[in-house]
Engineer: 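Got a structure for you, written out below as structure tokens; questions coming shortly.
Everything numeric in this text was worked out from a predicted model, so none of it was measured.
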Amino acid sequence: MKVFQSPAAKMKLVGGQLCLDFVNTVDSRGSYSPRGNSPSANNVLGDKLGDYFDLVEWSQHAGIITGRESRRLIEVGRRKPSEAGKVFERAIALREALYRIFKAMLTDRQPRSVDLVTVNDELQRARSHERLTRAGDGFTWEWTGPATALDRMLWSIAHSGAEYLTAGDLSRLRECGGEECGWLFEDTSKNRSRQWCHMQDCGNLEKVRRFRARQRRGTKIKRSASR
Ligand SMILES: [Zn+2]
């Protein structure tokens, strides 16, 4: 049975952190200034998340819910479209708040308190579902709550965002150097030299762009020299 239909379920996961991959569910982020939380406004901007069902498929793709959970959430979401719509709005608000916070970190600015409030609200909801449990010789966190809770993927995403902001190495946070790409990733390279979200995409495109720019400059120089 074909489960994945959404383009969100085919997205590259190159951020190195769940929260960064979630922020990267918008293509060409660099080409607009991220202000609104409105999904419809984001749709114009290469947004891969068009509705709740895209969010579910992406979440399975990213490994935060199982295939079984995904099918169950899709079923419940279809039965409760208004609730699913609200969860989707919260997801987009969380994503854009995280994006603006990371962007502020990258540009040495203070994040807006309203964005911290959004992340904290989701974090609080997530924490109410967190439970310490025995795993092998140690302990681990697991999520409790009904399998049909439509917002269960947001718990993992909010948790990842908060973990990364508090315990991650933010000096390794990068924005892709590709023109208009704007994807974020964690640079784990030894010499901190990763420039692209994905070499085959942005890296090669940028090389071609620079090559053409050099060629154009060369042609201009030759022209002015021949005058
Ligand atoms: Zn890129």
Side-chain angles (χ1 to χ4, degrees), residues 1-13 15 17-27 29 34-102 114-133 140-164:
M1 192 181 86
K2 187 168 175 269
V3 178
F4 287 142
Q5 292 180 342
S6 162
K10 297 178 191 97
M11 297 205 74
K12 290 194 176 84
L13 304 170
Q17 296 282 342
L18 171 66
C19 54
L20 297 178
D21 284 330
F22 186 57
V23 158
N24 292 343
T25 50
V26 179
D27 270 341
R29 269 204 182 271
R35 278 193 211 104
N37 290 330
S38 139
S40 57
N42 286 322
N43 276 343
V44 185
L45 308 157
D47 199 330
K48 300 291 181 190
L49 301 183
D51 59 22
Y52 178 74
F53 305 101
D54 287 337
L55 174 66
V56 172
E57 290 200 17
W58 181 87
S59 302
Q60 185 186 346
H61 173 57
I64 50 176
I65 56 171
T66 64
R68 200 174 157 197
E69 285 170 329
S70 165
R71 284 190 292 278
R72 200 176 294 167
L73 291 179
I74 286 174
E75 198 187 297
V76 180
R78 283 196 183 125
R79 267 193 283 119
K80 301 177 177 175
S82 147
E83 260 183 59
K86 278 180 195 144
V87 170
F88 178 64
E89 274 175 30
R90 274 170 50 204
I92 298 299
L94 174 63
R95 184 186 68 184
E96 296 312 299
L98 283 171
Y99 176 65
R100 285 187 294 261
I101 293 171
F102 294 142
V114 62
D115 290 330
L116 283 174
V117 168
T118 302
V119 176
N120 269 318
D121 282 351
E122 291 301 336
L123 193 61
Q124 212 163 7
R125 290 182 209 241
R127 288 230 158 111
S128 67
H129 297 284
E130 216 169 29
R131 190 175 64 183
L132 189 66
T133 183
T140 186
W141 294 110
E142 71 171 20
W143 300 116
T144 63
T148 51
L150 288 168
D151 62 346
R152 54 187 311 119
M153 73 289 280
L154 300 189
W155 308 340
S156 303
I157 296 166
H159 186 267
S160 161
E163 274 293 301
Y164 185 53

Engineer: Ignoring hydrogens and geometry beyond distance, is a side-chain donor-acceptor pair present between S70 and Q60 at under 3.5 Å?
Structural biologist: yes
Engineer: For residues L98 and E122, determine if any side-chain heavy atom of one lies less than 4.5 Å from a side-chain heavy atom of the other.
Structural biologist: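 No. Closest side-chain heavy atoms not under 4.5 Å.
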Engineer: Between R29 and E96 (salt bridge meaning N to carboxylate O under 4.0 Å), is one present in this structure?
Structural biologist: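 Yes, charged N to carboxylate O under 4.0 Å.
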Engineer: Pair T25, M11 - check side-chain contact (heavy atoms from CB on, under 4.5 Å), show working.
Structural biologist: CA-CA 7 Å; T25 50; M11 297 205 74; 4.1 Å; yes
Engineer: Look at the rings of W155 and W143 and say which category their plane angle falls in: under 30° parallel, 30 to 60° tilted, over 60° perpendicular.
Structural biologist: tilted
Engineer: I'd like to know if D27 pairs up with K48 as an ion pair, taking the criterion as any Lys NZ or Arg NE/NH1/NH2 lying under 4.0 Å from an Asp or Glu carboxylate oxygen.
Structural biologist: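 Here D27 pairs with K48 in a salt bridge, since their nearest N and O are under 4.0 Å apart.
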Engineer: Measuring from D51:CG to D54:CG, what's the distance to the nearest 0.5 Å?
Structural biologist: 4.5 Å
Engineer: Please list, chain by chain and in numerical order, all residues satisfying side-chain hydrogen bond (donor to acceptor under 3.5 Å, both in side chains) with H129, sequence neighbours excluded.
Structural biologist: none
Engineer: Which atom pair, heavy atoms only, marks the closest approach of L20 to G15?
Structural biologist: CD1-O, 3.4 Å
Engineer: Do the side chains of E69 and R72 get nearer than 4.5 Å, heavy atoms only?
Structural biologist: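 They are not in side-chain contact.
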Engineer: Please name the pair of heavy atoms, one in L13 and one in A62, separated by the smallest distance, quoted to 0.1 Å.
Structural biologist: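 Residues L13 and A62, closest heavy atoms: CD1-CA, 3.9 Å.
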Engineer: Nearest 0.5 Å please: distance from the CZ atom of R100 over to the CG atom of L116.
Structural biologist: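 Between R100 CZ and L116 CG, I get 11.0 Å after rounding to 0.5 Å.
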Engineer: Just wondering, do W141 and T133 contact through their side chains at under 4.5 Å, heavy atoms?
Structural biologist: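 A side-chain contact is absent here, since even the closest heavy-atom pair is not under 4.5 Å.
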Engineer: Between L94 and A158, what is the shortest heavy-atom contact and its length?
Structural biologist: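 Scanning both residues, the minimum pair turns out to be CD2-N, 4.2 Å.
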Engineer: What's the spacing between L73 CG and E57 CD if we round to 0.5 Å?
Structural biologist: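 So the gap between those two atoms works out to 11.5 Å.
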Engineer: Do you know which two heavy atoms are closest between L49 and A8, and how far apart they sit?
Structural biologist: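 Heavy-atom minimum between the residues: CD2-CB, 3.8 Å.
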Engineer: To the nearest 0.5 Å, how far apart are CG in D21 and NE2 in H61?
Structural biologist: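 Here the interatomic distance stands at 8.0 Å.
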Engineer: A91: what forms a side-chain contact (heavy atoms from CB on, under 4.5 Å) with it, not counting sequence neighbours?
Structural biologist: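 Per chain and number, A91 pairs via side-chain contact (heavy atoms from CB on, under 4.5 Å) with F22, L55, L154.
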Engineer: What pairs of donor and acceptor atoms, side-chain ones from residues 76-86 against any protein atom, are under 3.5 angstrom apart with sequence neighbours left out?
Structural biologist:
none

Engineer: Apply side-chain hydrogen bond (donor to acceptor under 3.5 Å, both in side chains) to R152 and list each qualifying residue two or more places apart in sequence or on a separate chain.
Structural biologist: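 R152 satisfies side-chain hydrogen bond (donor to acceptor under 3.5 Å, both in side chains) with no other residue.
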Engineer: List the residues meeting salt bridge (charged side-chain N to carboxylate O under 4.0 Å, His left out) with D151, not counting sequence neighbours, and say none if there are none.
Structural biologist: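 Per chain and number, D151 pairs via salt bridge (charged side-chain N to carboxylate O under 4.0 Å, His left out) with R90.
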Engineer: Do you know the tightest heavy-atom contact between S156 and I64?
Structural biologist: CB-CG2, 3.8 Å
Engineer: Please identify each residue that fulfils side-chain hydrogen bond (donor to acceptor under 3.5 Å, both in side chains) with R127, with sequence neighbours left out.
Structural biologist: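 Not a single residue meets the side-chain hydrogen bond (donor to acceptor under 3.5 Å, both in side chains) criterion with R127.
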Engineer: Can you name the nearest heavy-atom pair linking W58 to I157, along with the distance?
Structural biologist: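 Looking at all heavy atoms of both residues, the shortest contact is CZ3-CD1, 4.2 Å.
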